[in-house]
Amino acid sequence: MSYGTGGSGPAPLLVACALGIERLALRGGGGPGEAAGPVTVLRTGMGPQAADHAVARALREAAMREAAVVATGFCAGLAPGMHPGDLVVADETRDGAGRTECSAVELLAKELARAVPRRVIHTGPLVGSDHVVRGAERAALHAAGALAVDMESAATLRSAVRAGPRPVAAVRVVVDAPEHELVRIGTLRGGISAFRVLRTVLPAFIEWHRSLLLPRR
């Protein structure tokens with residue numbers, strides 16, 4: 001798979017997250033190497049509406065109109081056996097407004113496995129919510145096929161594809177899971193683990209993006 005740009009240089013990469021602490025982790029974890037095109041880390045603010053508006057505004061800028069978009073940050077795991085620090089690579093995002101298919105999922109999972117060895121990587125649907133999901137609601141979302149839930153990824157990717165065709169992806173780090181909910185002892189430890197993992201993912205996003213820019217053979 002490859003995609004082009006109508007401009008004179010490589011298409012850029014927009015990495016969207018909601019929280020300041022997520023942006024701090026991403027900005028501190030660039031690692032070695034250079035991106036194929038400009039990389040922007042955008043803090044959207046919390047919730048689907050904030051994510052939608054922030055991404056739409058960013059992609060209206062001339063330099064970003066053909067940007068690939070990755071939604072990232074923390075999430076709540078829904079499947080039994082998940083642990084803080086696990087990675088979720090979405091094959092699609094879904095919410096009440098519909099579904100968005102993600103691009104080159106296997107390639108992205110491969111790059112993450114290389115960048116973050118010894119971490120468990122889950123691949124499957126990532127569902128969006130407008131509130132923090134707990135207990136029985138988590139179980140219901142998992143029963144409907146979702147692996148994890150967050151508040152911004154579905155809105156981010158929907159906004160991105162609405163602005164024009166482009167590669168999109170969503171990668172989230174589990175900060176809590178059915179056996180490790182935020183209200184329980186161990187939350188701080190889980191949060192630190194998730195933060196450390198989030199610091200390591202940006203090079204994988206860059207390699208995924210670079211591969212998409214390569215000419216077809």
Side-chain angles (χ1 to χ4, degrees), residues 3 11-27 39-61 63-79 87-105 108 112 122-134 137-138 140-142 144-176 182 194 198 201-202 204-205 208-209 212:
Y3 77 110
L13 172 63
L14 178 67
V15 179
C17 61
L19 304 176
I21 192 170
E22 294 168 338
R23 187 169 186 266
L24 177 64
L26 292 161
R27 287 173 65 88
V39 179
T40 298
V41 178
L42 172 69
R43 180 185 173 187
T44 65
M46 285 185 64
Q49 186 173 27
D52 185 355
H53 291 171
V55 171
R57 185 168 55 249
L59 295 178
R60 282 196 294 268
E61 297 180 12
M64 299 297 292
R65 283 178 185 162
E66 295 185 330
V69 174
V70 177
T72 195
F74 303 131
C75 70
L78 300 175
L87 283 154
V88 175
V89 180
D91 58 8
E92 67 174 20
T93 57
R94 57 171 78 158
D95 62 9
R99 304 184 180 203
T100 303
E101 185 177 350
C102 296
S103 310
V105 175
L108 181 53
L112 284 163
H122 308 268
T123 302
L126 178 61
V127 68
S129 175
D130 61 2
H131 60 277
V132 175
V133 175
R134 301 191 189 281
E137 191 175 3
R138 287 192 183 195
L141 290 173
H142 179 55
L147 279 181
V149 58
D150 76 275
M151 297 176 69
E152 296 83 25
S153 292
T156 292
L157 299 200
R158 184 168 56 253
S159 182
V161 299
R162 188 175 62 231
R166 69 191 72 247
V168 294
V171 174
R172 290 279 171 168
V173 183
V174 174
V175 72
D176 72 331
L182 287 172
L198 191 59
V201 299
L202 190 57
F205 299 166
W208 170 82
H209 180 236
L212 295 178

Hits for side chain to side chain contact (heavy atoms under 4.5 Å, CB included) against Ala144, two or more places apart or cross-chain, chain-then-number order -> none
If you round to the nearest 0.5 Å, how far is CG of Leu147 from CZ of Arg172?
14.5 Å
For a quick test of reading the model, state the closest non-hydrogen atom pair linking Met64 to Ala58 and the distance between them.
CB-O, 3.4 Å
Any donor-acceptor N/O pair, Arg166 side chain to Arg65 backbone, under 3.5 Å:
yes
Partner set under side chain to side chain donor-acceptor pair (under 3.5 Å) for His122, not counting sequence neighbours:
Asp86
Evaluate the side-chain proximity of Val69 to Val15: yes if any heavy-atom separation is below 4.5 Å, no if none is.
no
What's the separation between atom OG in Ser129 and atom CD in Glu152, rounded to the nearest 0.5 Å?
10.0 Å
Under a 4.5 Å cut-off applied to non-hydrogen side-chain atoms, are Glu101 and Leu157 in contact?
no
For Ala90, enumerate each residue passing the side chain to side chain contact (heavy atoms under 4.5 Å, CB included) test, keeping only those at least two apart in sequence or located in another chain.
Thr93, Cys102, Leu126, Ala170
Can you list everything that forms a side chain to side chain contact (heavy atoms under 4.5 Å, CB included) with Ala54? Sequence neighbours excluded, please.
Leu42, Thr44, Arg57
State, to 0.1 Å, how close Ala11 and Glu66 come at their nearest heavy-atom pair, and which atoms those are.
CB-O, 3.8 Å
Pairwise side-chain contact, Trp208 with Val70, heavy-atom cut-off 4.5 Å (strictly under):
yes
Between the CE atom in Met46 and the CE atom in Met151, the distance rounded to the nearest 0.5 Å is 4.5 Å
Quick one: CG on Asp95 to OG on Ser153, what's the gap to the nearest 0.5 Å?
10.5 Å
Let me confirm one number: the CG-CZ distance from Asp150 to Phe74, rounded to the nearest 0.5 Å.
12.0 Å
By salt bridge (Lys or Arg N to Asp or Glu O under 4.0 Å), which residues pair with Arg162, not counting sequence neighbours?
Asp52
The criterion is side chain to side chain donor-acceptor pair (under 3.5 Å); which residues satisfy it with Glu137, sequence neighbours excluded?
His131
Side chain to side chain contact (heavy atoms under 4.5 Å, CB included), that's the test. Do Leu78 and Val127 meet it? Break it down for me.
CA-CA 10 Å; Leu78 300 175; Val127 68; 4.3 Å; yes
Leu13 versus Thr40: any side-chain heavy-atom pair under 4.5 Å?
no
Smallest separation among heavy atoms of Ala16 and Thr156, with atom names
CB-CG2, 4.0 Å
Check the pair Leu26, Cys17 against side chain to side chain contact (heavy atoms under 4.5 Å, CB included), reporting the backbone distance first and the verdict last.
CA-CA 9 Å; Leu26 292 161; Cys17 61; 3.9 Å; yes
Please answer whether the main-chain N or O of Arg99 pairs with a side-chain N or O of Arg158 as donor and acceptor at a distance below 3.5 Å.
no
Begin from the C-alpha positions of Arg27 and Arg23 and carry the test side chain to side chain contact (heavy atoms under 4.5 Å, CB included) through to its verdict.
CA-CA 6 Å; Arg27 287 173 65 88; Arg23 187 169 186 266; 3.3 Å; yes
My understanding is that only residues two or more places apart in sequence, or in another chain, count here; which of them pass salt bridge (Lys or Arg N to Asp or Glu O under 4.0 Å) with Arg94?
Glu92
Give the intermediate values and the outcome of side chain to side chain contact (heavy atoms under 4.5 Å, CB included) for residues Glu22 and Thr72.
CA-CA 8 Å; Glu22 294 168 338; Thr72 195; over 6 Å; no
For Asp91, the salt bridge (Lys or Arg N to Asp or Glu O under 4.0 Å) test, sequence neighbours excluded, returns none
Within-4.5 Å side-chain heavy-atom neighbours: Cys75 and Val174:
yes
Please enumerate all residues that pass side chain to side chain contact (heavy atoms under 4.5 Å, CB included) together with Leu112, with sequence neighbours excluded.
Val89, Leu108, Ile121, Val171, Val201, Ala204, Phe205
